[in-house]
There are 2 protein chains.
Amino acid sequence: MEQALVDEIRAFNRFYTDIIGLLNRNFLDSPYSLAEIRVVYEIFHQQGIMASEIMDSMHIDKSYLSRILKKLEKDGLVTREKSGEDGRAYLLFLTETGKTEFNRLNRASDRQVVRLLEPLSGKEKERLVELMKNIKRILTPET
Amino acid sequence: MEQALVDEIRAFNRFYTDIIGLLNRNFLDSPYSLAEIRVVYEIFHQQGIMASEIMDSMHIDKSYLSRILKKLEKDGLVTREKSGEDGRAYLLFLTETGKTEFNRLNRASDRQVVRLLEPLSGKEKERLVELMKNIKRILTPET
DNA sequence: CCTAAATAGTTGATTTTGTCAACTATTTTA
DNA sequence: TAAAATAGTTGACAAAATCAACTATTTAGG
């Protein structure tokens, strides 16, 4: 095992965990938890998704998810309708309110990203995004 | 605000949150929480650190940290001694047991990293680590 | 085609994680 | 040298997450 590589990756993970923590911190003074926001994100990006799919992608307990969805529905961010194909399942959708709220939440986080980028030159910003794209490319298995 | 850049960074964060989640998942079937492991990490890397310093770097409530330290001390991973310079403070150290345990915890996580790297060629691995180093360099403010 | 196993989702009970306020004991500031 | 700030602890509580048991439906195998 190439321990040096593994160590570097561990170091990066620790470093980047802090960055993500910084950017997530302002979600925390919204009325929603990170898990709840993440659920909204999943539905935003895949209208009509089933709870069990969210459960798989988030690695979250189905009972916990069920309660999160109940709250989001109560708050009017999410609606569900019975699946035609599977009588046990519901299809989840963001309401207009849900979409608006999702964008509102992201704007606060975006401001934080902008603050993070502030000290960088235009060239550095471009380069950063290039690097990120490349990491994604390498770590995303070919289809 | 360069929205395209911000969007890319948001996408990367979401992507990398999943990676970190994957790598952290096997910490979760250790007897320690991520917060506890992180505290051990901080002490490992700075023997003699004070609780208040950990509190600042982890953005964790001091009462919560106090209880984590109590548990780690009870388990024999951490010891503390009164600071000579500040009569209110304690200096924290990992015991040999603590160091051993910290390495044991990391080994499980390392195996997961190796698994993640498996599908990559040697060249891709090198490149990945290069990219990570560059991101760190860009995002770390000059001293 | 019909029973057994698997899956989607809910609910109740509980544990774990994290926060808040109040407190003691020191140290710093002005 | 009194007032404010800081290090850390404790008790009470709230939020987040898990576990087991359950209903209802669907899928798989004999």
Side-chain angles (χ1 to χ4, degrees), chain A residues 17 20-22 24-43 46 48-75 78-93 105, chain B residues 17 20-22 24-43 46 48-75 78-93 105:
Chain A
T17 297
I20 289 173
L22 171 72
N24 280 172
R25 222 163 292 138
N26 53 63
F27 283 127
L28 297 180
D29 46 48
S30 88
Y32 296 101
S33 70
L34 286 179
E36 286 161 344
I37 292 168
R38 179 93 193 270
V39 168
V40 171
Y41 165 80
E42 295 283 339
I43 302 173
Q46 193 183 329
I49 195 174
M50 285 176 7
S52 60
E53 295 175 288
I54 296 179
M55 190 190 112
D56 289 343
S57 74
M58 285 183 65
H59 302 93
I60 193 184
D61 189 88
K62 60 185 176 168
S63 66
Y64 182 33
L65 177 57
S66 172
R67 277 178 256 253
I68 287 178
L69 287 170
K70 188 161 47 172
K71 174 177 171 189
L72 294 175
E73 198 176 12
K74 196 195 87 211
D75 287 6
V78 166
T79 49
R80 13 185 244 167
E81 59 184 52
K82 247 182 150 41
S83 164
E85 314 202 325
D86 189 333
R88 299 163 299 181
Y90 295 89
L91 307 181
L92 300 165
F93 300 89
L105 289 168
Chain B
T17 297
I20 289 173
L22 171 73
N24 280 172
R25 222 164 292 137
N26 51 64
F27 283 127
L28 296 180
D29 46 48
S30 88
Y32 296 102
S33 69
L34 286 178
E36 287 161 345
I37 292 169
R38 179 92 195 270
V39 168
V40 171
Y41 165 80
E42 294 284 339
I43 302 173
Q46 194 183 329
I49 195 175
M50 285 173 12
S52 59
E53 295 175 289
I54 297 179
M55 190 190 111
D56 290 343
S57 73
M58 286 184 64
H59 302 93
I60 192 184
D61 190 89
K62 60 186 177 169
S63 67
Y64 182 33
L65 177 57
S66 172
R67 277 178 256 251
I68 288 178
L69 288 170
K70 186 157 55 168
K71 174 177 171 189
L72 294 176
E73 197 177 13
K74 196 194 87 213
D75 287 5
V78 166
T79 49
R80 12 184 245 168
E81 59 183 52
K82 249 186 147 40
S83 163
E85 314 202 325
D86 188 333
R88 299 162 299 181
Y90 295 90
L91 307 181
L92 300 165
F93 299 90
L105 289 168

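So you know, we letter chains A, B, ... as the sequences are listed, proteins then strands, and number each from 1.
More than 12 heavy atoms of other residues, nucleotides or ligands shown are found within 6.0 angstrom of NZ on Lys82(B).
The nearest whole Å value for the distance from the CE atom in Met55(A) to the P atom in dC19(D) is 13 Å. Remark: P of dT10(C) and NZ of Lys62(A) are 10 Å apart, rounded to the nearest angstrom. Between Leu72(B) atom CG and dT9(D) atom P the separation is 12 Å, expressed in whole Å. Regarding Met50(A), its CE atom lies at a distance of 14 Å from the C1' atom of dA24(D), rounded to whole Å. Per the geometry, NZ belonging to Lys82(A) stands 14 Å off P belonging to dA8(C), to the nearest Å. In this entry the distance linking NZ of Lys71(B) with P of dT9(D) reads 16 Å, nearest Å. Rounded to an integer number of Å, the gap from CD1 of Ile68(B) to P of dG8(D) is 14 Å. Across the protein-nucleic acid pair, Leu65(A) atom CG and dT7(C) atom C1' stand 15 Å apart, rounded to whole Å.
For dG8(D), the base has no donor-acceptor partner in the side chain of Arg67(B) [N/O atoms by modelled type, under 3.5 angstrom]. Within 3.5 Å, a donor on the side chain of Arg88(B) pairs with an acceptor on the base of dT6(D), or the reverse.
At a threshold of 4.0 angstrom between heavy atoms, the contacts of Ser63(B) include nucleobase atoms, whether or not backbone atoms are also involved.
At distances below 3.5 Å, not a single donor-acceptor pair connects side-chain atoms of Glu73(A) with backbone N or O atoms of Lys70(A).
If Gly84(A) and Asp61(A) are placed on DNA chain D by their nearest nucleotide, the residue sitting closer to the 5' end is Asp61(A).
Taking only side-chain atoms of Ser52(A), from C-beta outward, the nucleotide of dA7(D), dT19(C), dG9(C) with the closest atom is dG9(C).
The heavy-atom pair separating Gly48(B) from Leu91(B) by the smallest distance is O-CD2, 3.4 Å.
Under the side-chain contact (heavy atoms from CB on, under 4.5 Å) rule, Ile54(A) has a single partner from Arg38(A), Glu42(A), Gln46(A), Lys62(A), which is Glu42(A).
The side chain of Arg80(A) places an N or O atom within less than 4.0 Å of a non-bridging phosphate oxygen (OP1 or OP2) of dT10(C). Distances shorter than 4.0 Å separate some side-chain N or O of Lys70(A) from OP1 or OP2 on dT11(C).
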Step by step, would you call Tyr32(A) with Asp75(A) a side chain to side chain contact (heavy atoms under 4.5 Å, CB included)?
-> CA-CA 11 Å; Tyr32(A) 296 101; Asp75(A) 287 6; 2.7 Å; yes
